[in-house]
There are 4 protein chains.
Amino acid sequence: MAGVNKVILIGNLGRDPEVRHLENGTAVASFSIATTESYKDRNTGERKDITDWHNIVLWRGLAEIAEKFLKKGSQVYIEGKLKTRSWEDKDGNTRYTTEVVGDNMTMLGGRGSAENAPPPQASGDQLRETASETGTIDQNSEEIDDLPF
Amino acid sequence: MAGVNKVILIGNLGRDPEVRHLENGTAVASFSIATTESYKDRNTGERKDITDWHNIVLWRGLAEIAEKFLKKGSQVYIEGKLKTRSWEDKDGNTRYTTEVVGDNMTMLGGRGSAENAPPPQASGDQLRETASETGTIDQNSEEIDDLPF
Amino acid sequence: MAGVNKVILIGNLGRDPEVRHLENGTAVASFSIATTESYKDRNTGERKDITDWHNIVLWRGLAEIAEKFLKKGSQVYIEGKLKTRSWEDKDGNTRYTTEVVGDNMTMLGGRGSAENAPPPQASGDQLRETASETGTIDQNSEEIDDLPF
Amino acid sequence: MAGVNKVILIGNLGRDPEVRHLENGTAVASFSIATTESYKDRNTGERKDITDWHNIVLWRGLAEIAEKFLKKGSQVYIEGKLKTRSWEDKDGNTRYTTEVVGDNMTMLGGRGSAENAPPPQASGDQLRETASETGTIDQNSEEIDDLPF
DNA sequence: TTTT
DNA sequence: TTTT
């Protein structure tokens, strides 16, 4: 039962986020981010880059923030959980897709970042609460307690 | 170029690790670990568990330690990177598999843990160095420097 | 404004937790955990251990769980934030103490773990909510949503 | 014995780094970074910020990169270990200072970032190896293996 | 598909 | 496929 499932990524969006809404209005954002690491080939001595692409899924308030402020090229910090979904393809084979379901996001500076005063930091939990209480997404605020921890 | 790609998991092995060796002798261990989280269903009030399975891959010294000391049920801490490999299935379709390539492992106590005095902690970097210098896997040792940081 | 402040520790308690209650009843638990790493001295070739001690502070529900289930020797996973408090010593000098304020805890198996069916995992957010709604600490449950993410 | 001691921070430098050199030439950089989180006061409804300051210490190649490319205001990702040092003050009292000894650093875009083409990412391990083999600090390169993991 |  |  005990378990820890944590992913921490800093990367850049390959495309603008795609946002859809469930029937009940819940927003879901999907996008990919690239993380790159450099290494030197032991044989040739050449420097090489390896890029990994990660499928990110954001729910509710975080999805709405992503829709408003993230775009192709944006650099973000994403903290979340690894989730693998299964689905059936057209040939009836079970397929698996692994995604990072983010519960915390921080926008980082850089070329692709938003021009329109983005909220740099947002947490899924905070947003969920705030949204459910005020009916609007009020990023960057918490309703947790008078003590911040 | 800048990027961070980090995964932190604590879970239990679903089966014994599978270890294979490349032609040059390099060991590669594969296994899955389960992480479970509990939540209470908002509608029914029932408590429910969600289990996520994660494919772990370990290389070289870490693979050999996994082979020796991990087995079905063992609880481990794994720190690593997310990597998605693509391959072609029998129908010629491109398929993707996401794995956590571990570079740090700590064995945690519990029912499924090894009886034979396992090394509790091991790092890929340390083992790689040690192995290359001594020809044997000497877990729990570093050759880094007289200063430990 | 954007920021990330995250600490992840796995270690063992040096003593039983100390728990006190604020005037409003809020529980606060304090204890230290040790993390140990091994390295080999480059000059002498000796293997050496370095132990670091970390001051942990838990609030509310997590504090109550710590009080019930953690004791000297228990192995725990702690996730939290770094906080440095300042205070004045008897000579009027400002002193600083750095603590890890935990918002997530998982009890791990091992020698010092509790005998009385401990809850292996608990999150500060979950507990806070649950406690405020039911008046009791019901660890291992969330009230977040019908969707677990 | 098994242990994990990991800190992950994203913040901004409060001042330029201070770099000193040990007698054997080893570089050591020190600086503080601020992480800020927002919350809404439950009573007044006001939004408030809390800033935490963290003492960062970098060794060797990372210290030299910090010296060259970080300055007051720079935003950085720091990954490292918590270390508490003790020392004696002028009154003979034992004092404790907690620092984050970084083993990984990524420079992030933003207002305070360097103008002179900074290396965005660097790892202590990589740099140590590279430095010892080439005599120069060649950031952004690894000498680990032909396989990047 | 990103970024430097 | 694990674990409690």
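The sequence lines fix the lettering, A, B, ..., with proteins before strands; numbering per chain opens at 1. These values consider heavy atoms only, across backbone and side chains, with no hydrogens, waters or symmetry-generated copies. Model, not experiment: these values are computed from the prediction.
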Q.
Of the options dT2(E), dT3(F), dT1(F), whose atoms approach the side-chain atoms of Ser32(B) most closely?
A. dT1(F)
Q: Output all residues satisfying salt bridge (Lys or Arg N to Asp or Glu O under 4.0 Å) with Glu99(B), sequence neighbours left out; order by chain, then residue number.
A: Arg85(B)
Q.
Once hydrogens and angles are ignored, does a donor-acceptor distance under 3.5 Å link the base of dT2(F) to the side chain of Thr51(B)?
A. yes
Q.
I'd like to check the side chain to side chain contact (heavy atoms under 4.5 Å, CB included) partners of Asn93(A); sequence neighbours left out, ordered by chain and number.
A. Asp89(A), Asp91(A), Lys90(B), Asp91(B), Arg95(B)
Q: Could you state the atom-to-atom distance from CD of Gln75(B) to C1' of dT2(F) in whole Å?
A: 10 Å
(Q) In whole Å, I'd like the distance from the CG atom of Leu108(C) to the C1' atom of dT2(F). (A) 15 Å
Q) Just how far, in rounded Å, is P of dT3(E) from CG of Asp16(A)? A) 11 Å
Q: Figure out the CZ/C1' separation between Phe31(A) and dT3(E), and round it to whole Å.
A: 15 Å
Q: Would you kindly give the CD1-to-P distance between Ile78(A) and dT2(E), to the nearest whole Å?
A: 18 Å
Q: Name all residues meeting the side chain to side chain contact (heavy atoms under 4.5 Å, CB included) criterion together with Asn5(B); count only those two or more places apart in sequence or in a different chain, and write none if there are none.
A: Leu9(A), Thr35(A), Asp52(A), His54(A), Lys81(B), Leu82(B)
**Q.** Spacing of Arg47(B) atom CZ relative to dT3(F) atom C1', expressed in whole Å
**A.** 16 Å
Q) Rounded to whole angstrom units, what separation is found between the CD1 atom of Ile10(A) and the C1' atom of dT3(E)? A) 13 Å
(Q) Do Tyr77(D) and Ile8(D) have side chains that approach each other closer than 4.5 Å (heavy atoms only, starting at C-beta)? (A) yes
Q: Grab the stems for DNA chain E, please: at least three consecutive Watson-Crick or wobble pairs, both distances below 3.5 Å, written as range with range.
A: none
Q: List for me each residue that meets side chain to side chain donor-acceptor pair (under 3.5 Å) alongside Glu46(A), sequence neighbours excluded, and say none if there are none.
A: Thr44(A)
Q | N/O donor-acceptor pair under 3.5 Å between Asp16(A) side chain and Lys71(A) backbone | A | no
Q) Within this structure, what is the CZ-to-C1' distance between Arg15(A) and dT1(E), rounded to whole angstrom? A) 5 Å
Q.
Please enumerate all residues that pass salt bridge (Lys or Arg N to Asp or Glu O under 4.0 Å) together with Arg15(B), with sequence neighbours excluded.
A. none
Q) Do Trp53(B) and the base of dT2(F) stack face to face, with centres under 5.5 Å apart and an angle between planes under 30°? A) no
